Amino acid sequence: MTIHVLPDQLASQIAAGEVVERPYSVVKELVENAIDAGATAITIDIRAGGRELIQIADNGDGIPADEIETAFQRHATSKLSSADDLWVIRTLGFRGEALAAISAVSRLTVVSRARDMDTGVRLLLEGGVTTTREVVGAPAGTVIAVENLFYNVPARLKFLKSVTTEKRLIDEFVTRYSLAYPGIRFRLSHDGRITYQTTGSGATADVLLAAYGPDTTRQLIEVQPAAPDSPRGEGQRYKIDVRGYVSDPALTWSGRNHIQLFVNGRTIRDTRLTFAVVQAYHTLLPVGRFPLALLFIELPPEEVDVNVHPTKVEVRFRDESAVFGAVQRAVRAALVETSPARGASGWAFGSSSPSSWGGFRAESGPGELPSTQLDIPWQLRGPEPERTEGDADAPPPSLPGTDSARLPIMRVIGQVGAAYIIAEGPDGLYLIDQHAAHERILYEQFLAQRQGQRVASQGLVAPATAYLSPSQAHLVEEQLDLLTSLGFEIESFGPNAFRIRAVPAILSRADPAAALAAVVADLENETTPLKSETEALVIKRVCKTAAVKAGQTLSPQEMDAMILQLEACDVPHTCPHGRPTLIHLSAALLARQFGRT
Ligand code: ADP
Ligand code: MG
């Protein structure tokens with residue numbers, strides 16, 4: 001075949017593939033255009049998940065009649081004029097590709113009237129070629145209807161996912177942008193039915209209610225931008241504002257897709273920043289569970305390159321670690337500041353009014369919303385995570401500097417199956433796993449001792465002897481300093497044998513040799529080179545060994561003491577391995593289950 005330049009239309013179709021991957025991408029580009037045009041109301045109508053119709057109407061600036069054809073040419077934009085502008089982009093669009101691309105692969109109708117013109121114009125394009133143009137009366141703003149997407153690109157059509165998948169992507173996108181732009185009134189309909197709308201009141205809290213409903217919204221914690229005079233991260237040269245909402249640690253999801261990040265008003269995908277959010281929660285979440293986060297990151301536009309990818313969802317930061325640090329600090333601070341007003345006024349035992357419990361969460365919800373009632377949605381927790389003892393997310397052995405404790409005062413009712421404590425709280429029943437709860441209690445007590453450099457050690461009246469395999473013996477020798485610092489007193493006692501003279505005080509009732517063997521077994525499975533993680537591992541094992549087991553009958557006094565201590569924990573909802581310590585059956589749930597509501 002001879003070399004030749006591709007016909008324009010074919011070139012356009014090929015280029016379109018980069019921008020318009022699927023119906024959702026069309027929605028994204030058109031909504032971003034509407035936002036760039038200063039719209040305060042955006043209506044999105046979808047048919048068949050976008051295959052039949054995607055129509056976006058806005059009340060923005062409109063497109064001047066004499067520029068409308070230009071807008072549909074490739075690389076035509078009003079948002080950029082020189083190369084320098086590329087570094088200070090403040091609009092969502094700038095590449096001038098979307099309208100050209102979308103019209104190249106669909107039948108498109110646009111009606112637009114610029115605000116300062118008397119009449120509008122209506123344009124029809126098929127496969128990017130204008131077939132009709134007429135002057136029409138129209139309200140200020142723009143309506144773009146995209147029909148039969150990919151009708152002329154059968155290959156692309158074949159790869160489209162199901163209608164349900166496209167609908168879901170569109171729903172997620174509209175929700176996300178409505179949260180980022182609470183001042184814009186969004187309305188979304190599928191196949192003629194309105195499925196989502198916001199008020200445009202400007203209050204994020206209103207949008208949260210629309211997007212997530214009252215139960216979840218109540219459990220969100222506001223992330224506030226750091227005060228202007230607060231210290232910046234090390235080496236951070238400019239201001240990075242992080243604001244938004246994160247979920248209470250008691251509220252978790254099985255995936256990361258509720259972690260939504262915006263940079264200067266643009267939705268982005270960034271695995272590192274997502275990780276920063278998750279890390280800010282560290283021991284607060286059960287293994288394999290993720291929080292919800294809605295974070296708006298603002299930084300000088302010249303510090304971020306949005307021109308990395310045609311769809312503009314990936315960005316590059318000039319100083320990635322500064323942004324990472326800022327996100328992590330902001331989330332952490334929000335979690336820390338949500339301190340419980342434990343035993344706060346307003347609680348009277350036996351009170352039948354749930355609102356009298358408001359004191360416990362008085363500070364946690366978004367300001368504008370009623371934030372009453374503790375409600376750990378156990379039904380959202382999903383199945384118990386796998387029992388992985390060598391937990392890879394091991395926290396560094398320092399007290400997590402947070403106070404997410406929001407356990408109410410509980411009254412012990414009894415024990416079931418010699419494994420669980422039943423307690424009554426302000427809002428229903430609590431089932432507490434005695435082993436997991438005790439592990440958590442011991443863990444925090446141990447860490448507190450460790451921080452104060454005074455880990456209590458218990459001398460053994462009769463020293464115990466542990467016989468280990470050669471590799472295990474080697475490990476013990478290698479970690480002898482660590483074991484000593486944690487309360488063990490061990491000396492060599494012949495080949496592969498050790499004499500144990502003292503153990504951490506909390507192990508005083510355990511079999512010393514078995515306890516050491518368990519610690520060593522954990523160390524054997526450990527791969528981390530990090531000293532802090534090794535230490536955490538040993539501490540967790542010690543606490544697990546010392547904790548009461550299932551099958552142990554507890555006296556009422558012992559149960560009372562345990563509940564009191566659990567209430568005092570920083571992170572009462574999970575054991576150090578990330579498993580839940582309790583299940584809450586709220587009064588509302590009980591009423592529902594009994595058919596009383
Ligand atoms: P970009 O958004 O990157 O500039 P597009 O192809 O998406 O490129 O749009 C081309 C131009 O058309 C925009 O720069 C803008 O001037 C105009 N335009 C597109 N959509 C709208 C709209 N909804 N309201 C007003 N102007 C619009
Ligand atoms: Mg655009």
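Note that the structure is a prediction, hence the values are computed from the model and not measured. Only this structure's heavy atoms are used, side chains among them; waters, hydrogens and symmetry mates stay out. Whatever order the structure lists ligands and atoms in, that order sets their numbers, starting from 1.
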Shortest reach to atom 27 (C) of ligand 1 by a heavy atom, considering only Ile63, Thr142, Thr91: Ile63
Do any nitrogen or oxygen atoms of Gly96 come within less than 3.5 Å of a nitrogen or oxygen of ligand 1? yes
Within 45° of the axis and under 6.0 Å from the centre of the six-membered ring of Phe324, does NZ or CZ of Arg272 qualify? yes
Could an N or O of ligand 1 be found under 3.5 Å from any N or O of Ala37, whether backbone or side chain? no
Suppose we screen for side chain to side chain donor-acceptor pair (under 3.5 Å). Which residues come up paired with Arg115, at least two apart in sequence or across chains? none
Contact between Pro249 and Leu335 at the side-chain level, heavy atoms closer than 4.5 Å - yes or no? yes
If you measure every N or O of Asp36 against every N or O of ligand 1, does any of those distances drop under 3.5 Å? no
Please tell me if the side chains of Arg168 and Tyr24 come closer than 4.5 Å, counting only heavy atoms from C-beta onward. no
To the nearest 0.5 angstrom, please state how far the CZ atom of Phe173 sits from the CG atom of Leu188. 11.0 Å
Short version for Glu29: what comes under 4.0 Å of ligand 1, heavy atoms counted, is neither
Heavy-atom distance under 4.5 Å between the side chains of Met117 and Pro64, does that happen here? yes
Looking only at protein heavy atoms, what sits closest to atom 6 (O) of ligand 1 is Leu99 N, 2.9 Å
Report the nearest protein non-hydrogen atom to atom 16 (O) of ligand 1: residue, atom name, distance rounded to 0.1 Å. Ser78 OG, 2.5 Å
Distance from atom 12 (O) of ligand 1 to nearest protein heavy atom, with residue and atom: Ala71 CB, 3.5 Å
So is there a nitrogen or oxygen of Asp61 less than 3.5 Å from a nitrogen or oxygen in ligand 1? no
One residue to check: Ala76. Relative to ligand 1, which of side chain, backbone, both or neither has a non-hydrogen atom less than 4.0 Å away? backbone
Polar contact flag, side-chain donor to acceptor under 3.5 angstrom, Thr198-Asp206: no
Indicate yes or no: does an N/O atom of Ala98 lie under 3.5 Å from an N/O atom of ligand 1? yes
Any side-chain to backbone donor/acceptor pair from Asn264 onto Leu299? Under 3.5 Å, distance only. yes
For the Mg ion (ligand 2), how many protein N, O or S atoms lie at less than 2.8 Å? 1
Any non-hydrogen atom of Gly62 lying under 4.0 Å from ligand 1? yes
As a check for students: among Asn33, Leu30, Leu92, identify the option with a heavy atom nearest to atom 19 (C) of ligand 1. Asn33
In this structure, are over 12 heavy atoms from other groups packed under 6.0 Å from Arg256 atom CZ? no
Mind checking whether Asp58 contacts ligand 1 via backbone (N, CA, C, O), side chain (CB onward), both or neither, at a 4.0 Å heavy-atom cut-off? side chain
Can you tell if the side chain of Leu273 reaches within under 4.5 Å of the side chain of Ile297, non-hydrogen atoms only? yes
